[in-house]
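What follows is one structure encoded as structure tokens, with my remarks underneath.
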Amino acid sequence: TPGRTLFPYTTLFRSDQLDETASHIGAVNVVKFIRDGNKTVLKGYNSDVVGFSDSISSMLSVTHNKALVLGTGGASKAVIYALNKLGLQTTLVSRVGVGEVLSYSDITPEKLQEFNVIVNTTPLGMYPNIDTAPDLPYEAIDGSFVCYDLVYNPEETKFLRLCKERGAKIKNGHEMLILQALESWRIWNA
């Protein structure tokens, strides 16, 4: 599953390593076993950054400069990193707002108009709970929005359907899943 972090980097053994991206994000979803003489070194990577970035980049234009990222797990860290690399400012949204993280109750129609990219990194809407969606003022979404859901089962989540009904460009996480898997394969075989 994209974003499913196998273990946080802090649990790696002292002799283990992280690539620069995984170190910056603080989440690992690919582990490469590297033989170094008589010992094996585990090196952690995060393939979600490549998968997400390559999947969403063609949907973005110069007008897309601020994104809401729904959820605060390992996948959201990769999404934020990728969006920042693509030149977007990001704001996290969680059930409980703390510090710079907004709560869903903070997202009014007026607040939502500050953004034109929304990425759902939560499991809301995933099979079998297909009737759930992030609590947003969907009436404030229009055709200028790009709405991306990391969930890919069902193909069109309630979140994506509600955004599409308002004219937004939508995409699910299926392509991200494939692209991050290809990146994992590249890492293991490099």
Side-chain angles (χ1 to χ4, degrees), residues 1-4 25 27 46 48-180:
T1 302
R4 178 66 48 101
I25 293 170
N46 191 302
D48 284 343
V49 172
V50 171
F52 176 74
S53 181
D54 289 355
S55 180
I56 197 171
S57 61
S58 65
M59 299 178 74
L60 302 174
S61 71
V62 294
T63 63
H64 296 109
N65 52 19
K66 289 181 76 176
L68 275 182
V69 178
L70 312 178
T72 56
S76 70
K77 294 173 185 175
V79 164
I80 288 169
Y81 185 84
L83 289 170
N84 291 162
K85 288 287 189 184
L86 290 169
L88 281 76
Q89 296 174 22
T90 55
T91 299
L92 277 169
V93 181
S94 186
R95 288 173 290 202
V96 178
V98 177
E100 294 184 16
V101 177
L102 300 176
S103 71
Y104 286 98
S105 62
D106 294 327
I107 308 299
T108 63
E110 296 75 28
K111 185 70 171 173
L112 193 59
Q113 286 298 304
E114 295 176 24
F115 304 89
N116 55 11
V117 176
I118 305 173
V119 181
N120 180 32
T121 70
T122 75
L124 288 171
M126 183 185 300
Y127 180 83
N129 300 313
I130 62 172
D131 292 327
T132 61
D135 186 17
L136 297 173
Y138 290 94
E139 69 276 8
I141 294 173
D142 60 32
S144 68
F145 278 74
V146 167
C147 298
Y148 193 107
D149 198 334
L150 270 58
V151 172
Y152 49 86
N153 182 15
E155 188 174 320
E156 186 175 279
T157 60
K158 183 176 181 181
F159 165 72
L160 290 178
R161 181 175 43 80
L162 291 170
C163 294
K164 183 172 82 174
E165 288 171 359
R166 303 295 301 166
K169 289 188 271 184
I170 65 166
K171 192 170 200 176
N172 71 25
H174 185 257
E175 183 182 40
M176 176 185 168
L177 172 69
I178 293 168
L179 293 172
Q180 67 88 22

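From a predicted model like this one, the values you see are computed outputs, not experimental measurements.
For S58, there are no side chain to side chain donor-acceptor pair (under 3.5 Å) partners at least two apart in sequence or on another chain. In terms of the ring pair (Phe, Tyr, Trp, His ring centres under 6.0 Å) criterion, residue partners of Y148 (sequence neighbours excluded) are, by chain and number, F52. Residues satisfying the side chain to side chain contact (heavy atoms under 4.5 Å, CB included) criterion with P109, sequence neighbours excluded, are P137, E139, A140. In this view, K164 and E156 satisfy the salt bridge (Lys or Arg N to Asp or Glu O under 4.0 Å) rule, not counting sequence neighbours. By the side chain to side chain donor-acceptor pair (under 3.5 Å) test, K111 is found to be paired with E114, residues two or more places apart in sequence or in another chain being considered. In terms of the side chain to side chain contact (heavy atoms under 4.5 Å, CB included) criterion, residue partners of T90 (sequence neighbours excluded) are, by chain and number, A67, V69, I80, L83, N84. Judged as a side chain to side chain contact (heavy atoms under 4.5 Å, CB included), and not counting sequence neighbours, the contacts of N129 are T132. By the salt bridge (Lys or Arg N to Asp or Glu O under 4.0 Å) test, R161 is found to be paired with E165, residues two or more places apart in sequence or in another chain being considered. In this view, K171 and E175 satisfy the salt bridge (Lys or Arg N to Asp or Glu O under 4.0 Å) rule, not counting sequence neighbours. Looking at residues two or more places apart in sequence or on another chain, you find a side chain to side chain donor-acceptor pair (under 3.5 Å) between D106 and S103. Residues forming a side chain to side chain donor-acceptor pair (under 3.5 Å) with D149 (at least two apart in sequence, or on another chain): N120, T157. The side chain to side chain contact (heavy atoms under 4.5 Å, CB included) check on S61 picks up T63, H64, with sequence neighbours excluded.
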